[in-house]
Amino acid sequence: MTVDTGFEQELDALAEVAVRVGLNLQPGQDLVLTAPVEALPLVRRVTAAAYRAGAGLVTPILSDGALALARFRNAREASFDRAPGWLYDGMAQAYEGGAARMAIVGDDPMLLADEDPDKVARAGKANSIAYKPALERIANFDINWTIAAYPGAAWARQMFPDLPEAEAVTKLARAIFEASRVTGGDAVAEWQAHNARLRSRTDWLNDQRFDALHYSGPGLDLQVGLAEDHEWHGGASEAKNGVICNPNIPTEEVFTTPHAQRVEGHVRATKPLAHQGSLIEDIAVRFEAGRIVEATATKGEAVLRKLLDTDEGAARLGEVALVPHSSPISASGLLFYNTLFDENASCHIALGQCYSKCFLDGGSLSADEIAAKGGNSSMIHVDWMIGGPETDIDGVKPDGTRVPVFRKGEWAA
Ligand code: ZN
Ligand code: ZN
């Protein structure tokens, strides 16, 4: 890769922010780190930063796109219903023992686009089932965790198909560093200020105690009931182990739990959804009593249908998130083909599993109590973008009073 001036420095800053702000890794705490092989320059920096912060043991688990393709092109049929449960059980065990978790993303978002959709779906489902014990500890926020990104070459080529690879990588690196707020002098201080701004939004929303959000705009008429005792979160958040961390680098969203049975109306995606190596375009769905009853897409409709059929909760919502249209990621005008970035460009909703964290006193609630309050449960959690420059959102109070929340894609208050 070509190294432009500042690249090394900003990669150092990103590693520092990922460990100190993203994880807020505690002295003596172990770290389970997953990343593509290509991201080694960042993995090495993160490992060094983690040990400087006092890490007990850093365990990196590396993956590679070519290895994944080797399976899809050569493995016997029965392979696609398998997943390394022993590895995920070990990860779950590490979290139970107090380890923190970091995922570095940077793979080719279209890696599996040309593979057999049936095999891709089966492998994805087998993986979701095996991964559930580990994912639950993350979704329940038992421990401090974070996701950060590295500019992989195939990802860069997907985003900038007309540029030579080296230039594309440089452009993607720039976009990642800017979105991750590590280009200024003191990146850690920059993040503290950003977290304070997000906090003022969640405080306001939590004071309002809305019963529902009503979205309107072109092709959009959607009422999303909010779960009983829902709580808004955004930016820095306290995990059940007491550590305040930033689960996503970057992040621009504030989000909470919708009511799985109280979503009505129709909505279209405002950006394509890159899901497990496939692109799903122009998603349009209609909800009745919380469930998607009609779903179409101009591209990748079969992938969308398989996704919605994963389990009972896959066709219901588990997250609703607000992001102003003027967010830096939206302003970049780039489609990243990666949820970590694209969800921060736009208001979004997520199919599937809810975050128990997004309830008042969520840490003490059982799965049954969460379900009784309207929290959804599923093996999947897939975010997709529904916001745009024309989106209006009203907060609806229990007595029917409406309060403007968004006007023309921006915060109304
Ligand atoms: Zn989100
Ligand atoms: Zn989400």
Side-chain angles (χ1 to χ4, degrees), residues 10 13-25 42 46 100-106 138-139 141 143-151 172 175-184 186-206 231-239 243-257 271 274 318-332 334-350 354-355 357-358 381-387 406 409-411:
E10 282 163 353
L14 180 58
E16 208 62 40
V17 161
V19 169
R20 287 175 57 196
V21 178
L23 290 178
N24 187 13
L25 194 75
L42 181 58
V46 163
R101 160 90 165 110
M102 186 188 298
I104 293 172
V105 298
I138 302 296
F141 216 11
I143 46 128
N144 44 328
W145 59 273
T146 197
I147 312 179
Y150 182 81
L172 173 56
I176 289 173
F177 295 147
E178 267 159 31
S180 303
R181 299 174 184 265
V182 297
T183 55
D186 185 345
V188 171
E190 178 79 18
W191 269 91
Q192 282 160 353
H194 180 48
N195 279 330
R197 285 191 295 269
L198 290 170
R199 182 63 191 263
S200 71
R201 295 297 182 193
T202 56
D203 283 349
W204 181 78
L205 286 162
N206 284 326
E231 189 172 64
W232 289 87
H233 283 266
S237 202
E238 187 177 340
V243 180
I244 294 170
C245 65
N246 264 88
N248 288 359
I249 305 284
T251 189
E252 302 289 334
E253 61 172 340
V254 298
F255 58 100
T256 194
T257 300
K271 281 173 180 278
E319 179 193 340
V320 56
L322 304 178
V323 180
H325 187 68
S326 61
S327 95
I329 295 169
S330 171
S332 77
L334 297 172
L335 179 65
F336 284 80
Y337 302 92
N338 182 304
T339 301
L340 179 62
F341 290 81
D342 292 326
E343 75 162 350
N344 286 302
S346 166
C347 287
H348 57 273
I349 49 183
C354 74
Y355 289 108
K357 177 75 185 165
C358 291
H381 178 98
V382 178
D383 299 270
W384 51 286
M385 295 6 115
I386 61 166
F406 265 51
E410 301 298 325
W411 287 103

Begin from the C-alpha positions of V323 and E343 and carry the test side-chain contact (heavy atoms from CB on, under 4.5 Å) through to its verdict.
CA-CA 8 Å; V323 180; E343 75 162 350; over 6 Å; no
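- Formation of a donor-acceptor pair under 3.5 Å by the N195 side chain with backbone atoms of G235 is not found in this model.
- No close placement of the F255 and W232 rings is indicated, their centers lying 6.0 Å or farther apart.
- Between H381 and Y355, the ring planes lie tilted relative to each other; the angle falls in the 30° to 60° range.
- The minimum heavy-atom distance between S200 and R197, with the atom names listed, is OG-O, 2.8 Å.
- No side-chain heavy atom of W191 sits under 4.5 Å from any side-chain heavy atom of D186.
- Listed here is the closest heavy atom pair of L334 and D342: O-OD1, 4.1 Å.
- With rounding to the nearest 0.5 angstrom, the OG atom of S346 is 10.0 Å from the CG atom of L322.
- At least one donor-acceptor pair closer than 3.5 Å links the side chain of N344 to the backbone N or O of E252.
- Between A331 and S326, the closest heavy-atom pair is CB-O, 4.4 Å.
- Distance check: L198 CG to H194 NE2 gives 4.5 Å after rounding to the nearest 0.5 Å.
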Please walk me through it: do E253 and H348 pass side chain to side chain donor-acceptor pair (under 3.5 Å)?
CA-CA 9 Å; E253 61 172 340; H348 57 273; 2.9 Å; yes
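- Here E190 contributes atom CD and S180 contributes atom OG; the two are 11.5 Å apart, rounded to the nearest 0.5 Å.
- Closest approach of A100 to L25, counting heavy atoms only: CB-CD1, 3.7 Å.
- In this structure a side-chain-to-backbone donor-acceptor pair under 3.5 Å is missing from D383 to I349.
- At distances below 3.5 Å, at least one donor-acceptor pair connects side-chain atoms of K357 with backbone N or O atoms of E238.
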Under the side-chain contact (heavy atoms from CB on, under 4.5 Å) rule, what do R201 and W411 come out as? Steps first, then yes or no, please.
CA-CA 9 Å; R201 295 297 182 193; W411 287 103; 3.5 Å; yes
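- The nearest pair of heavy atoms linking R199 to T202 is O-OG1, 3.0 Å.
- Other residues, nucleotides and ligands place more than 12 heavy atoms under 6.0 Å from the CZ atom of R181.
- To the nearest 0.5 Å, atom CG of residue L340 and atom CG of residue N248 are 5.5 Å apart.
- Of the listed residues (L23, T146, I143), just one forms a side chain to side chain contact (heavy atoms under 4.5 Å, CB included) with R101, and that residue is I143.
- For the residue pair Y150 and L42, the shortest heavy atom distance occurs at CD1-CB, 3.6 Å.
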Are L205 and T256 close enough, and set up right, to give a side-chain contact (heavy atoms from CB on, under 4.5 Å), and what steps lead you there?
CA-CA 10 Å; L205 286 162; T256 194; over 6 Å; no
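- The CG atom of L335 lies 5.5 Å from the NZ atom of K271; values are rounded to the nearest 0.5 Å.
- Taking the side-chain contact (heavy atoms from CB on, under 4.5 Å) definition, one finds that A179 meets it with P250, I329, F341, sequence neighbours left out.
- If you check the side chains of H233 and E231, you find a donor sitting under 3.5 Å from an acceptor.
- Considering OG of S237 and CG of N144, their distance stands at 11.5 Å, rounded to 0.5 Å.
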Evaluate the criterion side-chain contact (heavy atoms from CB on, under 4.5 Å) for residue pair I249 and L14; output intermediate values, then yes/no.
CA-CA 9 Å; I249 305 284; L14 180 58; 4.2 Å; yes
